[in-house]
Undergrad: 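Sharing a structure here in structure tokens format.
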Amino acid sequence: VQLQASGGGLVQAGGSLRLSCVVSGSTFSTYDMGWYRQAPGKQRELVAAIRSGGSTNYASSVKGRFTISRDNAKNTVYLQTNSLKPEDTAVYYCKRVTWYGSTISLYPGSWGQGTQVTVSS
């Protein structure tokens, strides 16, 4: 599986960005997907996830501001980011995940290229 994220940029606090990630493979519709981010000097963290069936999960730090969605016809997963804060500055990556009950884990494989989001105060 190859993943290509895009849509990042420089935005002022309070602004919005829509991130996209195109995923290779003919069985994308069966994948559970997640968006992760990594800020300088920090560990990579899960921001949002979406099941193949469409249910979603969000980190508490972004709940109510970010929305994850998918378009199976386009093999694409999106992350709409609103009310951005300087602490949202990071490189954002999409990744296939496994989701059993309340546990979301990384699916084996490479990360692919991320997209930089920079929020100025």
Side-chain angles (χ1 to χ4, degrees):
V1 174
Q2 294 186 343
L3 311 109
Q4 180 66 52
S6 62
L10 173 63
V11 63
Q12 289 187 331
S16 300
L17 287 171
R18 189 192 194 203
L19 309 184
S20 302
C21 180
V22 179
V23 183
S24 68
S26 60
T27 56
F28 169 76
S29 63
T30 68
Y31 300 166
D32 296 334
M33 296 295 301
W35 279 98
Y36 289 76
R37 67 185 181 188
Q38 186 168 22
K42 295 187 177 181
Q43 288 191 331
R44 202 168 294 186
E45 63 172 346
L46 178 64
V47 173
I50 186 166
R51 285 188 187 269
S52 57
S55 56
T56 59
N57 180 277
Y58 296 93
S60 58
S61 59
V62 306
K63 192 172 290 185
R65 300 189 297 122
F66 290 10
T67 302
I68 189 171
S69 61
R70 65 192 299 157
D71 185 337
N72 290 335
K74 296 182 179 180
N75 275 31
T76 301
V77 59
Y78 302 99
L79 187 68
Q80 177 67 44
T81 65
N82 298 328
S83 302
L84 283 162
K85 305 175 181 180
E87 52 263 42
D88 295 318
T89 295
V91 179
Y92 286 70
Y93 302 85
C94 72
K95 187 74 170 70
R96 186 178 176 184
V97 298
T98 58
W99 189 344
Y100 297 110
S102 61
T103 302
I104 300 171
S105 304
L106 289 169
Y107 189 88
S110 63
W111 278 92
Q113 184 176 345
T115 186
Q116 175 73 48
V117 172
T118 303
V119 185
S120 63
S121 57

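Side chains included, hydrogens not; waters and symmetry mates left out as well; all remaining heavy atoms used.
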Undergrad: Go through Y107 and V1 one step at a time and tell me if the side-chain contact (heavy atoms from CB on, under 4.5 Å) criterion holds.
TA: CA-CA 11 Å; Y107 189 88; V1 174; over 6 Å; no
Undergrad: Nearest 0.5 Å, what's the CG-OG distance between N72 and S52?
TA: 8.5 Å
Undergrad: For the residue pair V47 and V62, what are the closest heavy atoms and their distance?
TA: O-CG2, 3.6 Å
Undergrad: Look only at the side chain of W99 and the backbone of G101, and say whether a donor-acceptor pair between them is shorter than 3.5 Å.
TA: yes
Undergrad: Looking at every heavy atom in both Q113 and Y93, which two are closest together, and how far apart are they?
TA: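 Answer, listing the atom of Q113 first, then Y93: C-CD2, 4.3 Å.
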Undergrad: Measure the CD-CD distance between Q116 and Q38 for me, rounded to the nearest 0.5 Å.
TA: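 Here the rounded value is 11.0 Å.
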Undergrad: Is there a donor-acceptor pair under 3.5 Å between the side chain of T81 and the backbone N or O of F66?
TA: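 Such a contact is absent between T81 side chain and F66 backbone.
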Undergrad: Return the set of residues passing salt bridge (charged side-chain N to carboxylate O under 4.0 Å, His left out) with E87 (not counting sequence neighbours), or none when no residue passes.
TA: none
Undergrad: At what distance, to the nearest 0.5 angstrom, does CD1 of I68 lie from CE of M33?
TA: 8.0 Å
Undergrad: If I compare all heavy atoms of L84 with all of R65, which pair ends up nearest, and what's the gap?
TA: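 For L84 versus R65, the nearest heavy atoms are CA-NH1, 3.9 Å.
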Undergrad: Rounded at 0.5 Å granularity, tell me how far OG1 in T56 sits from NZ in K63.
TA: 9.0 Å
Undergrad: How far apart are the closest heavy atoms of S110 and K95, and which atoms are they?
TA: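 In terms of heavy atoms, the two residues are closest at O-CE, 3.5 Å.
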Undergrad: Distance-only check: which donor-acceptor pairs under 3.5 Å involve side-chain atoms of residues 2-29, not counting sequence neighbours?
TA:
unit_1	atom_1	unit_2	atom_2	d
S16	OG	N82	OD1	2.9
S24	OG	Q2	N	2.7
T27	OG1	Y31	OH	3.1

Undergrad: Write down the atom of W111, the atom of R44, and the distance for their closest heavy-atom approach.
TA: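 What the structure gives for the nearest pair is CD2-NH1, 2.7 Å.
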Undergrad: Going from OG on S105 to CG on D32, what distance comes out if it is rounded to the nearest 0.5 angstrom?
TA: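 Reported value, rounded in 0.5 Å steps: 11.0 Å.
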Undergrad: CH2 of W35 to CG of L46: how many Å apart, nearest 0.5 Å?
TA: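 If we round to the nearest 0.5 Å, W35:CH2 and L46:CG are 12.0 Å apart.
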Undergrad: Would I50 and Y78 count as a side-chain contact (heavy atoms from CB on, under 4.5 Å) here? Give the steps.
TA: CA-CA 10 Å; I50 186 166; Y78 302 99; over 6 Å; no
